[in-house]
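Below: one structure, written as structure tokens.
Treat the numbers as computed from the prediction; the structure is a model and nothing was measured. Residue indices begin at 1 and follow the sequence shown.
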Amino acid sequence: MRLTPMACVLLSACTTVTTMDGREIDASSAGNCDVHIYQTYQSAIARGPIDEVCVVRGNSSYRLPHTVPVAIEKNKQYVCACGAQNAYIQSATESALDVAYVTLVAFHYSKNKKPD
């Protein structure tokens, strides 16, 4: 069943987490965490290769104002729940009439560097 954005607002916060390895994520155990958010994939890989851990899709429902920074702040706990402290913004939308949406990709910097 596919939920419309309005149904998500009415039914729940509608944050979804998709892990790269299929494991379940419990964000309630993440607590308050410090996450570095990169604006783009390119800015994230500027420091070196990355290993993506999970994709977090969320919104700013139940928070005001409905902006991308608020949506990021609301959903960054899921990045920590995935075991990462870094994420880049894959997509983000906001409008004056609806909640803001954000897709974050949580990652670790790879220990295996690319050959020169």
Side-chain angles (χ1 to χ4, degrees):
M1 176 175 91
R2 183 181 166 106
L3 295 175
T4 64
M6 183 53 97
C8 285
V9 171
L10 294 175
L11 297 175
S12 70
C14 279
T15 298
T16 61
V17 179
T18 305
T19 58
M20 302 310 178
D21 60 4
R23 64 191 159 94
E24 294 292 321
I25 298 299
D26 178 16
S28 64
S29 64
N32 205 1
C33 62
D34 186 29
V35 177
H36 187 246
I37 304 293
Y38 293 88
Q39 294 299 310
T40 64
Y41 170 78
Q42 289 77 15
S43 63
I45 63 170
R47 292 188 51 208
I50 64 173
D51 296 320
E52 295 176 349
V53 180
C54 64
V55 177
V56 177
R57 291 176 186 86
N59 59 44
S60 63
S61 63
Y62 306 116
R63 303 279 175 93
L64 291 174
H66 291 303
T67 63
V68 169
V70 169
I72 290 169
E73 185 64 30
K74 179 183 173 225
N75 292 285
K76 73 178 185 180
Q77 69 185 6
Y78 295 97
V79 172
C80 292
C82 288
Q85 292 183 330
N86 297 292
Y88 65 85
I89 300 171
Q90 186 177 59
S91 67
T93 59
E94 68 180 55
S95 76
L97 303 175
D98 200 0
V99 296
Y101 294 89
V102 67
T103 300
L104 303 171
V105 180
F107 68 90
H108 299 291
Y109 281 100
S110 179
K111 294 178 182 165
N112 301 321
K113 301 223 178 200
K114 292 180 182 176
D116 293 327

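When all heavy atoms are compared, the tightest approach of I25 to A81 is CG2-CB, 3.3 Å. When all heavy atoms of N75 and N59 are compared, the closest pair comes out as ND2-O, 3.1 Å.
Both V17 and V102 are assigned to one and the same hydrophobic cluster, defined by single-linkage of ILVMFWY side chains at heavy-atom distances under 4.5 Å. The hydrophobic cluster containing V53 does not contain I45, counting ILVMFWY residues as joined when their side-chain heavy atoms lie under 4.5 angstrom apart, directly or transitively. Follow the hydrophobic side-chain contacts under 4.5 Å out from V105 and you never reach V79; the two are in separate clusters.
The side chain to side chain contact (heavy atoms under 4.5 Å, CB included) test applied to S43 returns Y38, T40, not counting sequence neighbours. Listed by chain and number, the residues in a side chain to side chain contact (heavy atoms under 4.5 Å, CB included) with D34 amount to none (sequence neighbours excluded).
Distance CD1/I50 to NE2/H108: 11.0 Å, rounded to 0.5 Å. Put simply, OG1 on T16 and OH on Y78 are 9.5 Å apart, with the number rounded to the nearest 0.5 Å.
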When the side chains of residues 64-73 are checked against the rest of the protein, which donor-acceptor pairs come out under 3.5 Å, sequence neighbours left out?
from: H66; atom 1: ND1; to: S60; atom 2: O; distance (Å): 3.3
from: H66; atom 1: ND1; to: S60; atom 2: OG; distance (Å): 2.8
from: H66; atom 1: ND1; to: R63; atom 2: O; distance (Å): 3.3
from: T67; atom 1: OG1; to: V70; atom 2: N; distance (Å): 3.4
from: E73; atom 1: OE1; to: K76; atom 2: NZ; distance (Å): 3.4
from: E73; atom 1: OE2; to: K76; atom 2: NZ; distance (Å): 3.3

Which pairs of donor and acceptor atoms, one on a side chain in residues 82-93, lie under 3.5 Å apart (sequence neighbours left out)?
from: Y88; atom 1: OH; to: E52; atom 2: OE2; distance (Å): 2.6
from: S91; atom 1: OG; to: T103; atom 2: OG1; distance (Å): 3.2

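Contact of the M20 side chain with the V55 side chain is registered, since non-hydrogen atoms from C-beta on lie closer than 4.5 Å.
The neighbour count for Y41 OH, taken as heavy atoms of other residues, nucleotides or ligands under 6.0 Å away, does not exceed 12.
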